[in-house]
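Worksheet: one structure, shown below.
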Amino acid sequence: MSFDSNLSSAVRHAAPVELPDFAQRHVNLADADLGARILFCTDEWFAPAERMLCSAAPVFIVDKFDDNGKWMDGWETRRRRNGGHDYAVIQLGLPGEIKGVDIDTSHFTGNFPPAAVLEACSEAGSPSPDTEWTEILPAVSLGGSAHHFFTINDSRVWTHLRLHIYPDGGVARLRVYGQIDGYWQDKDRDALYEVSALQQGGRIVAYNDAHFGVPFRLIMPGRGINMGDGWETRRRREPGNDWCIVQLGHAAIVERIEVDTAHFKGNYPDSISIQAALVHQGTDQSIVTQAMFWETLLPEQKTTMDTQHYYDTELIRQLGPINHVRLNIFPDGGVSRLRIWGRLAD
């Protein structure tokens, strides 16, 4: 077998993987883009623990080394020679109910940890020596260069995690999928809230296409930083239009909407519209079907490139309280942010 020296600087990406239901329905609470961060780790000799929280898929750069050895895209500790094990304390980007996790060892082949345990706590500040930790994932076996998906059956809201690896080794990514808690019980009912916001418990229910973008970024805080920070569909070559359904963090009477096409210049939608409904029960799949017949909240509006579009007088207000919206884009294209503002309804 011959070796092609041109491959020595190649970048290898992890192969696509089929995601379980919890990873498709919920956001990664341990994403650095949401503010997740490492508070402490016992060791990070070969690779810093912060890399474990990166949103991008891990890569392997064949000939990249640093002063401590082979550069790895993840968290990697040195070989333990004195007993014990390594662990890292993670502050989640937003508090939430954890539905499942992915302990990803992509590209760690002879240096992955054989086992891991995950603990959680709920603290207003940083954990202290007196913090009570709860084991939410008992000891599980890990393999090399693979995703390890585990369902978490626990309805409590957590703010921090402690990942134990036994005894040492490397983890490319830790993804913690969950539903964000908006703490609505303490909110003023007369105030105006961005009820679609991810940090308020908003959730992407479904979409028909996301070839170029990531739909959950539609409801992220702030404006998009580039064209990749938003939802973008492929070029439509057949009749119809693209759509995305968002569940609001709380039912509300909608008073204002923003559709932001930041950075989308040659690929923004020609126009948009929004349908809405107050959904009492159903599955995500049934909501997709129901949404075809929802009433119109915002009639079709022309859009322009790289612009924040605001709508208030254009809204059809007699709809009353709603908790789901469907953003329609005609015929296709990219949207950076969708924001729905409203007053809370029972």
Side-chain angles (χ1 to χ4, degrees), residues 16-29 31 34 55 96-97 99-100 102 149 151 175 177-180 182 194-220 224 228-236 238-252 254 257-260 264 269 271-298 300 319 321-340 342:
V17 63
E18 184 176 352
L19 297 175
D21 181 66
F22 65 73
Q24 297 181 57
R25 296 187 61 200
H26 299 284
V27 69
N28 175 18
L29 303 177
D31 192 329
L34 291 181
S55 58
E97 179 183 333
K99 303 293 187 179
D102 175 18
F149 294 105
T151 300
R175 300 180 182 90
Y177 297 99
Q179 178 59 38
I180 294 165
E194 187 185 341
V195 287
S196 58
L198 190 67
Q199 65 270 30
Q200 302 278 28
R203 180 175 75 89
I204 301 298
V205 175
Y207 47 88
N208 73 306
D209 182 76
H211 190 84
F212 295 110
V214 184
F216 89 86
R217 304 198 76 87
L218 269 177
I219 53 177
M220 286 274 286
D229 188 5
W231 169 51
E232 183 184 359
T233 67
R234 64 178 175 85
R235 299 190 186 209
R236 180 169 277 274
E238 63 280 333
N241 69 279
D242 295 322
W243 52 265
C244 181
I245 299 173
V246 179
Q247 178 180 348
L248 306 182
H250 195 286
V254 176
I257 292 175
E258 176 190 348
V259 176
D260 187 1
F264 291 100
S271 60
I272 59 98
S273 73
I274 295 178
Q275 297 167 268
L278 183 64
V279 178
H280 295 286
Q281 59 185 343
T283 65
D284 285 0
Q285 188 54 51
S286 72
I287 288 172
V288 171
T289 303
Q290 295 170 55
M292 293 190 293
F293 308 103
W294 288 350
E295 294 187 61
T296 299
L297 173 63
L298 176 67
E300 190 168 340
L319 282 186
I322 65 161
N323 59 5
H324 285 73
V325 297
R326 175 172 134 153
L327 171 64
N328 299 301
I329 59 175
F330 302 95
D332 54 33
V335 176
S336 177
R337 296 291 188 268
L338 169 67
R339 306 192 195 283
I340 310 291

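Computed over heavy atoms, backbone and side chain alike; hydrogens, waters and symmetry mates excluded.
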Decide yes or no on side chain to side chain contact (heavy atoms under 4.5 Å, CB included) for R235 and H211, but give the supporting numbers first. CA-CA 9 Å; R235 299 190 186 209; H211 190 84; over 6 Å; no

Applying side chain to side chain contact (heavy atoms under 4.5 Å, CB included), run through D102 and N28 and close with a yes or a no. CA-CA 10 Å; D102 175 18; N28 175 18; over 6 Å; no

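In this structure, CD1 on I274 lies 12.0 Å from CD on E300, to the nearest 0.5 angstrom. Atom CD1 of I272 is separated from atom CG of N241 by 11.5 Å, given to the nearest 0.5 angstrom. Atom CZ in R217 sits 15.0 Å away from atom CG in L338 (nearest 0.5 Å). Going from atom CZ of R339 over to atom CG of L218 covers 10.0 Å, rounded to the nearest 0.5 Å.
Remark: T151 pairs with no residue by the side-chain hydrogen bond (donor to acceptor under 3.5 Å, both in side chains) rule, at least two apart or across chains. Shown here are the ring-ring contact (aromatic ring centres under 6.0 Å, His included) partners of H250, two or more places apart in sequence or in another chain: W184.
Residues D242 and R234 come closest through the heavy atom pair OD2-O, 4.3 Å. When all heavy atoms of W243 and N208 are compared, the pair lying nearest together is N-OD1, 2.8 Å. Summarising the geometry of P215 relative to C244, their closest heavy-atom pair is CB-SG, 4.4 Å, with the distance given to 0.1 Å. Here the shortest heavy-atom pairing between W294 and A276 reads CB-O, 3.5 Å. Nearest heavy-atom pair across M220 and L34 is SD-CD2, 3.2 Å.
Counted within 6.0 Å of CD on Q24, heavy atoms from surrounding residues, nucleotides or ligands total more than 12; the atom is thus considered enclosed. Atom OH of Y207 is surrounded by 12 or fewer heavy atoms from other residues, nucleotides or ligands within 6.0 Å. Atom CD of E238 has more than 12 heavy atoms from other residues, nucleotides or ligands within 6.0 Å.
Using a 4.5 Å heavy-atom threshold, the side chains of W231 and I219 count as separate. Annotation: side chain of Q179 is not in contact with side chain of L29 (no heavy-atom distance under 4.5 Å). A 4.5 Å side-chain heavy-atom check between L319 and T296 finds every atom pair outside the cut-off. Between V335 and F264, every side-chain heavy-atom pair lies at or beyond the 4.5 Å cut-off. R203 places a side-chain heavy atom less than 4.5 Å from the side chain of D284. Using a 4.5 Å heavy-atom threshold, the side chains of V246 and I340 count as separate.
The backbone N or O of G333 sits less than 3.5 Å from a side-chain atom of T233, completing a donor-acceptor pair.
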Per-pair distances, 0.1 Å, donor-acceptor, side chain in residues 321-332, under 3.5 Å, sequence neighbours excluded:
unit_1 : atom_1 : unit_2 : atom_2 : d
N323   : OD1    : V279   : N      : 2.8
N323   : ND2    : V279   : O      : 2.9
R326   : NE     : Q275   : OE1    : 3.3
R326   : NE     : N328   : OD1    : 2.7
R326   : NH2    : N328   : OD1    : 3.1
N328   : ND2    : S273   : OG     : 3.2
N328   : ND2    : Q275   : OE1    : 3.0
D332   : OD2    : R236   : N      : 2.6

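Classified by interplanar angle (parallel below 30°, tilted 30° to 60°, perpendicular above 60°), the ring pair F149/F22 is perpendicular.
A salt bridge between D260 and R337 is absent, with no side-chain N of the basic residue lying under 4.0 Å from a carboxylate O of the acidic one.
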